[in-house]
2 protein chains.
Amino acid sequence: MNKYYSITELTREFGISTRTLRFYEDEGLIHPERRGRTRLFRPADRRLIQEILRGRRIGFTIAEIREIIQVYKDPPGELGQLQLLMSRVEEKREELRQKRKDIEDTLTELDNVEEACLTRLAEIGVGT
Amino acid sequence: MNKYYSITELTREFGISTRTLRFYEDEGLIHPERRGRTRLFRPADRRLIQEILRGRRIGFTIAEIREIIQVYKDPPGELGQLQLLMSRVEEKREELRQKRKDIEDTLTELDNVEEACLTRLAEIGVGT
DNA sequence: ACTATCGTTGACCTTGACGTAAAAGTCAAA
DNA sequence: TTTGACTTTTACGTCAAGGTCAACGATAGT
(Lines give C-alpha, C1' and ligand atoms only; values in the text may rest on other atoms or scores of the structure.)
Protein backbone atom coordinates (compact mmCIF):
# COMPACT_ATOMS: atom_id res chain seq x y z
CA MET A 1 0.00 0.00 0.00
CA ASN A 2 2.27 2.68 -1.37
CA LYS A 3 0.92 6.00 -0.17
CA TYR A 4 0.64 8.83 -2.62
CA TYR A 5 0.30 12.53 -1.96
CA SER A 6 -1.62 14.81 -4.28
CA ILE A 7 -0.12 18.08 -5.33
CA THR A 8 -2.47 20.20 -3.24
CA GLU A 9 -1.93 18.01 -0.23
CA LEU A 10 1.73 18.93 -0.36
CA THR A 11 1.16 22.60 -1.12
CA ARG A 12 -1.00 22.76 1.99
CA GLU A 13 1.50 20.95 4.12
CA PHE A 14 4.39 23.15 3.05
CA GLY A 15 2.62 26.42 2.42
CA ILE A 16 3.67 26.68 -1.19
CA SER A 17 1.74 26.87 -4.46
CA THR A 18 1.11 24.24 -7.09
CA ARG A 19 2.97 26.51 -9.46
CA THR A 20 6.05 26.14 -7.31
CA LEU A 21 5.95 22.35 -7.36
CA ARG A 22 5.37 22.25 -11.10
CA PHE A 23 8.17 24.73 -11.51
CA TYR A 24 10.47 22.52 -9.47
CA GLU A 25 9.59 19.64 -11.73
CA ASP A 26 10.30 21.72 -14.83
CA GLU A 27 13.63 22.61 -13.29
CA GLY A 28 14.42 18.96 -12.80
CA LEU A 29 14.45 19.00 -9.01
CA ILE A 30 11.68 16.47 -8.55
CA HIS A 31 10.21 13.70 -10.68
CA PRO A 32 6.83 12.67 -9.34
CA GLU A 33 5.10 9.71 -10.93
CA ARG A 34 2.06 10.09 -13.14
CA ARG A 35 -1.29 8.46 -13.41
CA GLY A 36 -2.36 9.75 -16.79
CA ARG A 37 -1.31 13.35 -16.59
CA THR A 38 -1.86 13.72 -12.88
CA ARG A 39 1.19 13.91 -10.63
CA LEU A 40 1.52 11.42 -7.82
CA PHE A 41 4.02 12.20 -5.08
CA ARG A 42 5.52 9.46 -2.98
CA PRO A 43 7.04 9.83 0.49
CA ALA A 44 10.49 10.04 -1.07
CA ASP A 45 9.31 12.96 -3.23
CA ARG A 46 7.88 14.59 -0.16
CA ARG A 47 11.14 14.31 1.73
CA LEU A 48 13.02 15.67 -1.23
CA ILE A 49 10.69 18.67 -1.31
CA GLN A 50 11.42 19.28 2.35
CA GLU A 51 15.10 19.42 1.58
CA ILE A 52 14.55 21.69 -1.37
CA LEU A 53 12.63 24.07 0.84
CA ARG A 54 15.35 23.98 3.43
CA GLY A 55 17.85 24.88 0.74
CA ARG A 56 15.59 27.68 -0.34
CA ARG A 57 15.31 29.06 3.18
CA ILE A 58 19.05 29.33 3.54
CA GLY A 59 19.33 31.13 0.24
CA PHE A 60 20.43 28.48 -2.21
CA THR A 61 19.40 29.05 -5.81
CA ILE A 62 17.53 26.45 -7.81
CA ALA A 63 20.73 25.68 -9.69
CA GLU A 64 22.64 25.07 -6.47
CA ILE A 65 19.89 22.87 -5.09
CA ARG A 66 19.82 20.89 -8.32
CA GLU A 67 23.56 20.42 -8.09
CA ILE A 68 23.36 19.11 -4.54
CA ILE A 69 20.63 16.68 -5.50
CA GLN A 70 22.76 15.51 -8.40
CA VAL A 71 25.68 14.79 -6.10
CA TYR A 72 23.43 12.71 -3.88
CA LYS A 73 21.98 10.81 -6.80
CA ASP A 74 25.29 9.96 -8.33
CA PRO A 75 28.50 11.15 -6.76
CA PRO A 76 31.27 11.71 -9.30
CA GLY A 77 33.58 8.79 -9.91
CA GLU A 78 36.40 10.64 -11.57
CA LEU A 79 39.28 12.02 -9.54
CA GLY A 80 39.26 15.57 -10.90
CA GLN A 81 35.50 15.84 -10.48
CA LEU A 82 35.77 14.66 -6.90
CA GLN A 83 38.45 17.20 -6.07
CA LEU A 84 36.46 19.94 -7.71
CA LEU A 85 33.40 18.92 -5.75
CA MET A 86 35.27 18.91 -2.48
CA SER A 87 36.63 22.38 -2.98
CA ARG A 88 33.17 23.64 -3.87
CA VAL A 89 31.79 21.97 -0.78
CA GLU A 90 34.41 23.71 1.31
CA GLU A 91 33.41 27.06 -0.21
CA LYS A 92 29.78 26.45 0.62
CA ARG A 93 30.67 25.53 4.16
CA GLU A 94 32.57 28.74 4.64
CA GLU A 95 29.65 30.67 3.24
CA LEU A 96 27.28 28.92 5.61
CA ARG A 97 29.50 29.54 8.61
CA GLN A 98 29.56 33.23 7.71
CA LYS A 99 25.82 33.22 7.37
CA ARG A 100 25.42 31.55 10.73
CA LYS A 101 27.58 34.20 12.32
CA ASP A 102 25.55 36.92 10.62
CA ILE A 103 22.41 35.37 12.02
CA GLU A 104 23.81 35.13 15.51
CA ASP A 105 24.95 38.74 15.45
CA THR A 106 21.58 39.82 14.20
CA LEU A 107 19.81 37.80 16.86
CA THR A 108 21.69 39.55 19.63
CA GLU A 109 20.98 42.84 17.93
CA LEU A 110 17.30 41.99 18.00
CA ASP A 111 17.71 41.31 21.71
CA ASN A 112 18.83 44.88 22.08
CA VAL A 113 15.96 46.21 20.02
CA GLU A 114 13.56 44.28 22.18
CA GLU A 115 15.12 45.59 25.34
CA ALA A 116 14.94 49.14 24.06
CA CYS A 117 11.28 48.56 23.31
CA LEU A 118 10.61 47.27 26.80
CA THR A 119 12.35 50.25 28.37
CA ARG A 120 10.30 52.55 26.22
CA LEU A 121 7.13 50.70 27.12
CA ALA A 122 7.91 51.07 30.79
CA GLU A 123 8.44 54.81 30.35
CA ILE A 124 5.17 55.19 28.55
CA GLY A 125 3.38 52.94 30.98
CA VAL A 126 4.66 55.00 33.90
CA GLY A 127 3.87 58.27 32.22
CA THR A 128 0.17 57.54 31.78
CA MET B 1 40.47 65.44 10.11
CA ASN B 2 37.24 63.67 9.18
CA LYS B 3 38.17 60.80 6.92
CA TYR B 4 36.12 60.28 3.80
CA TYR B 5 35.86 57.19 1.67
CA SER B 6 35.31 57.39 -2.07
CA ILE B 7 32.71 55.20 -3.69
CA THR B 8 35.22 52.94 -5.42
CA GLU B 9 37.21 52.59 -2.24
CA LEU B 10 34.15 51.05 -0.62
CA THR B 11 33.19 48.92 -3.59
CA ARG B 12 36.67 47.44 -3.49
CA GLU B 13 36.59 46.87 0.23
CA PHE B 14 33.22 45.14 0.14
CA GLY B 15 33.33 43.53 -3.26
CA ILE B 16 30.25 45.27 -4.58
CA SER B 17 29.63 47.61 -7.51
CA THR B 18 29.13 51.35 -7.58
CA ARG B 19 25.71 50.63 -9.00
CA THR B 20 24.85 48.80 -5.82
CA LEU B 21 25.83 51.69 -3.58
CA ARG B 22 23.95 54.19 -5.72
CA PHE B 23 21.00 51.86 -5.73
CA TYR B 24 21.10 51.71 -1.95
CA GLU B 25 21.10 55.47 -1.84
CA ASP B 26 18.12 55.64 -4.22
CA GLU B 27 16.38 53.19 -1.95
CA GLY B 28 17.01 55.42 1.02
CA LEU B 29 19.31 53.08 2.90
CA ILE B 30 22.30 55.39 2.96
CA HIS B 31 22.78 59.15 2.70
CA PRO B 32 26.39 59.96 1.93
CA GLU B 33 27.45 63.58 1.87
CA ARG B 34 28.25 65.41 -1.33
CA ARG B 35 30.97 67.63 -2.57
CA GLY B 36 29.39 68.96 -5.72
CA ARG B 37 27.84 65.85 -7.18
CA THR B 38 30.46 63.48 -5.83
CA ARG B 39 29.52 61.22 -2.95
CA LEU B 40 31.63 61.30 0.18
CA PHE B 41 31.25 58.42 2.58
CA ARG B 42 32.11 58.81 6.22
CA PRO B 43 33.00 56.03 8.65
CA ALA B 44 29.41 55.96 9.86
CA ASP B 45 28.24 55.39 6.30
CA ARG B 46 30.78 52.66 5.93
CA ARG B 47 29.57 50.90 9.06
CA LEU B 48 26.00 51.20 7.91
CA ILE B 49 26.95 49.60 4.61
CA GLN B 50 28.52 46.72 6.51
CA GLU B 51 25.27 46.16 8.32
CA ILE B 52 23.29 46.38 5.12
CA LEU B 53 25.48 43.72 3.56
CA ARG B 54 25.09 41.54 6.60
CA GLY B 55 21.34 41.87 6.25
CA ARG B 56 21.64 41.00 2.60
CA ARG B 57 23.69 37.90 3.35
CA ILE B 58 21.06 36.51 5.64
CA GLY B 59 18.36 37.11 3.06
CA PHE B 60 16.68 40.32 4.18
CA THR B 61 15.07 42.33 1.40
CA ILE B 62 15.88 45.99 0.82
CA ALA B 63 12.54 46.88 2.35
CA GLU B 64 13.26 44.91 5.50
CA ILE B 65 16.70 46.41 5.82
CA ARG B 66 15.27 49.88 5.39
CA GLU B 67 12.74 49.14 8.10
CA ILE B 68 15.41 48.02 10.53
CA ILE B 69 17.47 51.12 9.85
CA GLN B 70 14.39 53.24 10.46
CA VAL B 71 13.83 51.65 13.83
CA TYR B 72 17.38 52.43 14.80
CA LYS B 73 17.16 56.00 13.62
CA ASP B 74 13.98 56.77 15.43
CA PRO B 75 12.25 54.11 17.47
CA PRO B 76 8.49 54.53 17.60
CA GLY B 77 7.13 56.55 20.51
CA GLU B 78 3.55 55.43 20.32
CA LEU B 79 2.31 52.45 22.26
CA GLY B 80 0.59 50.61 19.43
CA GLN B 81 3.56 51.09 17.16
CA LEU B 82 5.86 49.72 19.81
CA GLN B 83 3.76 46.63 20.32
CA LEU B 84 3.53 46.07 16.59
CA LEU B 85 7.26 46.42 16.31
CA MET B 86 7.90 43.96 19.08
CA SER B 87 5.69 41.31 17.55
CA ARG B 88 7.39 41.78 14.21
CA VAL B 89 10.75 41.48 15.91
CA GLU B 90 9.64 38.24 17.50
CA GLU B 91 8.61 36.91 14.10
CA LYS B 92 11.98 37.77 12.63
CA ARG B 93 13.75 36.08 15.49
CA GLU B 94 11.80 32.90 14.94
CA GLU B 95 12.62 33.05 11.25
CA LEU B 96 16.30 33.50 12.02
CA ARG B 97 16.34 30.65 14.49
CA GLN B 98 14.81 28.40 11.85
CA LYS B 99 17.37 29.57 9.36
CA ARG B 100 20.17 28.87 11.78
CA LYS B 101 18.88 25.36 12.31
CA ASP B 102 18.67 24.87 8.55
CA ILE B 103 22.25 25.96 8.24
CA GLU B 104 23.43 23.66 10.98
CA ASP B 105 21.64 20.70 9.45
CA THR B 106 23.11 21.50 6.09
CA LEU B 107 26.58 21.85 7.55
CA THR B 108 26.44 18.37 9.03
CA GLU B 109 25.10 17.13 5.73
CA LEU B 110 28.10 18.63 4.00
CA ASP B 111 30.28 16.80 6.52
CA ASN B 112 28.78 13.59 5.21
CA VAL B 113 29.29 14.58 1.62
CA GLU B 114 32.90 15.33 2.35
CA GLU B 115 33.41 12.03 4.09
CA ALA B 116 31.84 10.17 1.19
CA CYS B 117 34.23 12.01 -1.09
CA LEU B 118 37.22 11.02 1.00
CA THR B 119 36.15 7.40 1.03
CA ARG B 120 35.77 7.50 -2.71
CA LEU B 121 39.14 9.14 -3.10
CA ALA B 122 40.75 6.42 -1.03
CA GLU B 123 39.14 3.75 -3.18
CA ILE B 124 40.34 5.40 -6.35
CA GLY B 125 43.77 6.02 -4.87
CA VAL B 126 44.12 2.39 -3.88
CA GLY B 127 42.79 1.17 -7.20
CA THR B 128 45.49 2.91 -9.25
C1' DA C 1 46.67 68.85 -25.57
C1' DC C 2 45.81 64.18 -24.82
C1' DT C 3 44.73 60.28 -22.14
C1' DA C 4 43.43 57.88 -17.86
C1' DT C 5 40.95 57.50 -13.99
C1' DC C 6 37.25 58.42 -11.30
C1' DG C 7 32.99 60.47 -10.72
C1' DT C 8 27.99 61.68 -12.19
C1' DT C 9 22.83 60.85 -14.06
C1' DG C 10 19.36 58.45 -16.71
C1' DA C 11 17.49 54.80 -19.11
C1' DC C 12 16.77 50.49 -20.44
C1' DC C 13 18.03 45.27 -19.71
C1' DT C 14 18.50 40.91 -17.27
C1' DT C 15 17.79 37.02 -14.09
C1' DG C 16 15.57 34.18 -10.76
C1' DA C 17 11.57 32.55 -8.86
C1' DC C 18 7.67 32.24 -9.22
C1' DG C 19 2.25 34.61 -10.02
C1' DT C 20 -1.67 34.62 -12.78
C1' DA C 21 -4.95 33.78 -16.25
C1' DA C 22 -6.94 30.92 -20.00
C1' DA C 23 -8.84 26.77 -21.56
C1' DA C 24 -9.78 22.35 -20.62
C1' DG C 25 -10.00 17.36 -18.47
C1' DT C 26 -11.54 14.14 -14.24
C1' DC C 27 -14.29 12.67 -10.64
C1' DA C 28 -17.52 12.62 -6.61
C1' DA C 29 -21.54 14.42 -4.33
C1' DA C 30 -26.19 16.48 -4.52
C1' DT D 1 -26.61 16.62 -14.72
C1' DT D 2 -24.81 20.28 -12.75
C1' DT D 3 -21.86 21.96 -9.32
C1' DG D 4 -17.55 21.97 -7.02
C1' DA D 5 -13.06 20.66 -6.11
C1' DC D 6 -9.39 19.02 -8.05
C1' DT D 7 -6.12 18.45 -11.93
C1' DT D 8 -3.52 19.62 -16.42
C1' DT D 9 -0.71 22.65 -20.05
C1' DT D 10 0.67 26.97 -22.20
C1' DA D 11 1.91 31.41 -21.92
C1' DC D 12 2.45 35.98 -20.58
C1' DG D 13 3.28 39.03 -16.24
C1' DT D 14 5.77 40.60 -12.17
C1' DC D 15 9.05 41.95 -8.73
C1' DA D 16 13.55 42.54 -6.53
C1' DA D 17 18.16 43.52 -7.08
C1' DG D 18 21.01 44.96 -9.44
C1' DG D 19 23.78 45.01 -14.65
C1' DT D 20 24.91 47.59 -18.54
C1' DC D 21 25.38 51.42 -21.61
C1' DA D 22 25.48 56.15 -23.06
C1' DA D 23 26.89 60.64 -22.45
C1' DC D 24 29.04 63.62 -19.80
C1' DG D 25 32.13 66.46 -15.95
C1' DA D 26 36.37 66.98 -12.98
C1' DT D 27 41.18 66.16 -12.12
C1' DA D 28 45.86 64.49 -12.61
C1' DG D 29 49.86 62.91 -15.18
C1' DT D 30 52.78 63.06 -19.46
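Proteins come first, then strands; the chains are lettered A, B, ... in the order of their sequence lines, and each starts at number 1. Side chains included, hydrogens not; waters and symmetry mates left out as well; all remaining heavy atoms used.
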What string of B, S and - do you get for nucleotides 23-28 of chain C 5' to 3' if you count protein non-hydrogen atoms under 4.0 Å?
-> ------
A:R54 side chain near A:Q50 side chain, heavy-atom distance below 4.5 Å = no
Phosphate OP1/OP2 of C:dC6: any B:S6 side-chain N/O under 4.0 Å | no
Going by heavy atoms in the side chains, are B:L40 and B:P32 under 4.5 Å from each other?
-> no
Taking C:dC6, D:dA11, D:dG19 as options, the one with an atom nearest any side-chain atom of B:T8 is C:dC6
Quick one: is B:R56 getting a side-chain N or O under 4.0 Å of the D:dG18 phosphate, OP1 or OP2?
-> yes
Do B:T108 and B:N112 have side chains that get closer than 4.5 Å, going by heavy atoms?
-> no
Ignoring backbone atoms, test whether B:R34 places a side-chain nitrogen or oxygen under 4.0 Å from the OP1 or OP2 oxygen of C:dT9.
-> yes
Side chain of B:R22: nearest nucleotide among C:dC18, D:dT7, C:dG7?
-> C:dG7
Cluster overlap A:Y4 with A:I30, hydrophobic side-chain contacts below 4.5 Å | no
Taking only the side-chain heavy atoms of A:F23 (C-beta and beyond), determine which of D:dT9, C:dA17, C:dG19 contains the nearest atom.
-> C:dA17
Rounding to 0.5 Å, atoms SG (A:C117) and CG (A:L110) come to a distance of 10.0 Å
Could you work out which one of D:dT8, D:dG19, C:dC18 sits closest to the side chain of A:R39?
-> D:dT8
Would you call A:L21 and A:F14 a side-chain contact if the rule is heavy atoms closer than 4.5 Å?
-> no
Regarding the side chain of A:T61, the nearest nucleotide among D:dT8, C:dA17, D:dA17 is C:dA17
To the side chain of A:T38, which of C:dG7, C:dC18, D:dT7 is closest?
-> D:dT7
Just compare C:dC18, D:dT8, C:dC6 and give me whichever is closest to any side-chain atom of A:I7.
-> D:dT8
Residue pair B:R12/B:E25 against DNA chain C: nearer the 5' end by closest nucleotide is B:R12
